[in-house]
Visitor: 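Quick one: this structure, given as structure tokens, is what I'll be asking you about.
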Amino acid sequence: MIRIFKTEGGAVHQQDEASTGCWIALTDPTATEILEVADRYHIDPDDLRAPLDEEERSRIETEDDYTLILVDIPLIEERNGKDWYETIPMGIVTTEEVIITVCLEDTAVLSAFMDGRVKDFHTYMKTRFILQMLYKNAQQYLQYLRIIDKKSGEIEKKLHQSTKNQELIELLELEKSLTYFITSLRANEVVLEKLLRNEKIKKYPEDEDLLEDVIIENKQAIEMANIYSDILSGTMDAFASVISNNLNIVMKFLSAITIVMAIPNIISGFYGMNVNQAGVPLSSSPWGFPIIILFAVAVCLFVAFWFYKKDYL
């Protein structure tokens, strides 16, 4: 899908035709759309296809007519009714006339610009627009990291009483997301450092300040992701032991209950086989049955009390 945006009068407008100073957003484009844009702006089609490969690495490539910036952006993916986090590549191609973005899906990073929710955003100020996208990308990482930290805290509360593996599996998914984030943020950091030294992309004093802010935000996201990953890894190891201990407590309780409930069965089984034989205690007494019942109950209560004192129940 091809969408064309241009800022006019301080607002973002979607257009039908591309013009100088506009932004061309390619979202999961077809082969025909890629070739159409590539031919018009003299771009290698492979560079426009690169962001569509989920395994593509972050990098900067400078050509005669354009510059390609490839970074990883965070994405929410819904699986089994729950939100999980991963990263996908996003390509930014800047030419003399326009700026082009290529991505597999609509993401929160680009949607903020499309909806006009970013201040001081102008499509014709290409360098500043690129830095604003990278800054928004770093902020999005930080936002998702806070959500991951909050979700891990909620899962930890459930783990205190859990004897199942479901919560551990959810923590494993969060740890996997953090691993993706750390890898992508480090790759983005390399791109930002190269962008700082890249002379092909013109930078003004205010742009350099913004680029430094982007680098700082990206470093902060890396530090947060590392901290959360370390905490989550330690939490998973600790709660794996907690779950095992909870299961042992349940098994101990069930074993104690089984022993207590076996006492009446033993007594009733003994009298059931021998009640008509001479010499069996209380066999001829009219109060034999109630006395035996009371005796069995008393023994059960005594054993249950003993187990309770020993913390088996």
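Counting begins at 1 with the first residue of the sequence.
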Visitor: Are the side chains of L192 and L134 in contact, using a 4.5 Å heavy-atom criterion?
Guide: yes
Visitor: Restricting to side chain to side chain donor-acceptor pair (under 3.5 Å), what partner residues turn up for R49, sequence neighbours left out?
Guide: D46
Visitor: With rounding to the nearest 0.5 Å, note down the distance linking CG in D72 to OH in Y141.
Guide: 5.0 Å
Visitor: With a 4.5 Å heavy-atom cut-off, do Q15 and R3 have their side chains touching?
Guide: no
Visitor: For residues A25 and T101, report the shortest heavy-atom separation together with the two atoms involved.
Guide: CA-OG1, 3.5 Å
Visitor: So, for D53 and P89, which heavy atoms are closest and what is the spacing to 0.1 Å?
Guide: O-CG, 3.1 Å
Visitor: Counting only N and O atoms by type, is there a donor-acceptor contact under 3.5 Å from the side chain of T183 to the main-chain atoms of T179?
Guide: yes
Visitor: Answer with yes or no whether the hydrophobic clustering places I43 together with I4; edges join I, L, V, M, F, W, Y residues whose side-chain heavy atoms lie under 4.5 Å apart.
Guide: yes
Visitor: Taking it one step at a time, do D47 and E61 satisfy side-chain contact (heavy atoms from CB on, under 4.5 Å)?
Guide: CA-CA 9 Å; D47 287 336; E61 291 187 1; 3.5 Å; yes
Visitor: Should L26 and I24 count as side-chain neighbours, where that means a heavy-atom distance under 4.5 Å?
Guide: yes
Visitor: Verify the cluster assignment for I147 and I76: are they in a single hydrophobic cluster under the rule of side-chain heavy atoms below 4.5 Å apart?
Guide: yes
Visitor: Write down the atom of L232, the atom of E175, and the distance for their closest heavy-atom approach.
Guide: CD2-N, 3.4 Å
Visitor: Distance alone, cut at 3.5 Å: any donor-acceptor contact between the side chains of W84 and S177?
Guide: no
Visitor: If hydrophobic clusters are built by linking Ile, Leu, Val, Met, Phe, Trp and Tyr wherever their side-chain heavy atoms come under 4.5 Å apart, do V71 and V118 end up in the same one?
Guide: yes
Visitor: Working to the nearest 0.5 Å, report the span between CE of M90 and OG of S58.
Guide: 10.0 Å
Visitor: Applying side chain to side chain donor-acceptor pair (under 3.5 Å), name anything that partners Y228, two or more places apart in sequence or on another chain.
Guide: none
Visitor: Are side-chain heavy atoms of H122 and R128 found at a separation under 4.5 Å?
Guide: no
Visitor: Linking I/L/V/M/F/W/Y whenever their side-chain heavy atoms sit closer than 4.5 Å, directly or via other members, would I99 and L131 fall into one cluster?
Guide: yes
Visitor: Check whether more than 12 heavy atoms from other residues, nucleotides or ligands sit under 6.0 Å from atom CD of E54, and answer yes or no.
Guide: no
Visitor: Side-chain donor-acceptor pair under 3.5 Å between D106 and S111, yes or no?
Guide: no
Visitor: Nearest 0.5 Å please: distance from the CD1 atom of I88 over to the OG atom of S184.
Guide: 10.5 Å
Visitor: How close do L68 and G91 get, counting heavy atoms only, and between which atoms?
Guide: CD1-CA, 4.4 Å
Visitor: Mind checking whether F5 and F113 have side chains closer than 4.5 Å, heavy atoms only?
Guide: no
Visitor: For a side-chain contact (heavy atoms from CB on, under 4.5 Å) check, start with the C-alpha distance between D28 and E105, then their side-chain angles and the critical distance, and finish with the verdict.
Guide: CA-CA 6 Å; D28 193 16; E105 300 184 31; over 6 Å; no
Visitor: List the atom of V191, the atom of R59, and the distance in Å for their closest heavy-atom pair.
Guide: CG2-N, 3.5 Å
Visitor: Answer yes or no: is there a donor N or O on one side and an acceptor on the other, between the side chain of N226 and the main chain of I222, under 3.5 Å?
Guide: yes
Visitor: First locate atom CZ of F129, then atom OG1 of T94, and finally report the distance between them rounded to the nearest 0.5 Å.
Guide: 10.5 Å
Visitor: Quick check: does any side chain N or O of R40 sit under 3.5 Å from a backbone N or O of A18, one acting as donor and the other as acceptor?
Guide: yes
Visitor: Is there a donor-acceptor pair under 3.5 Å between the side chain of E33 and the backbone N or O of T30?
Guide: yes
Visitor: Hey, are the side chains of L174 and E170 touching, using non-hydrogen atoms and a 4.5 Å cut-off?
Guide: no
Visitor: Could you give the distance from CD1 (I73) to CG (L104), rounded to the nearest 0.5 Å?
Guide: 9.0 Å
Visitor: Is it true that I148 and L142 fall in one hydrophobic cluster, defined by side-chain heavy atoms closer than 4.5 Å?
Guide: yes
Visitor: Could you give me the CA-CA distance, side-chain angles and deciding distance for Q132 and L210, then say whether side-chain contact (heavy atoms from CB on, under 4.5 Å) is met?
Guide: CA-CA 8 Å; Q132 285 175 317; L210 180 56; 4.0 Å; yes
Visitor: Take F181 and T87, measure what side-chain contact (heavy atoms from CB on, under 4.5 Å) needs, and give me the verdict at the end.
Guide: CA-CA 7 Å; F181 277 18; T87 61; 3.7 Å; yes
Visitor: Verify, without hydrogens or angle tests, whether K6 (side chain) and T20 (backbone) share a donor-acceptor contact under 3.5 angstrom.
Guide: yes
Visitor: Within a strict 4.5 Å, meaning less than it, do heavy atoms of the T27 and C103 side chains meet?
Guide: no
Visitor: With side chains defined as the heavy atoms from C-beta onward, is the minimum distance between I92 and T67 less than 4.5 Å?
Guide: no
Visitor: Under 3.5 Å, is there a donor-acceptor pair between the side chain of E97 and the main chain of Y41?
Guide: no
Visitor: Considering residues at least two apart in sequence or located in another chain, which fulfil the side-chain contact (heavy atoms from CB on, under 4.5 Å) criterion with Q139?
Guide: Y135, K136, E217
Visitor: For V214 and A138, which heavy atoms make the closest approach, and how far apart are they?
Guide: O-CB, 4.5 Å
Visitor: Say you draw a straight line from CG of L145 to CG of L178; how long is it, rounded to the nearest 0.5 Å?
Guide: 6.5 Å
Visitor: Is the centre of the Y85 ring less than 6.0 Å from the centre of the Y180 ring?
Guide: no
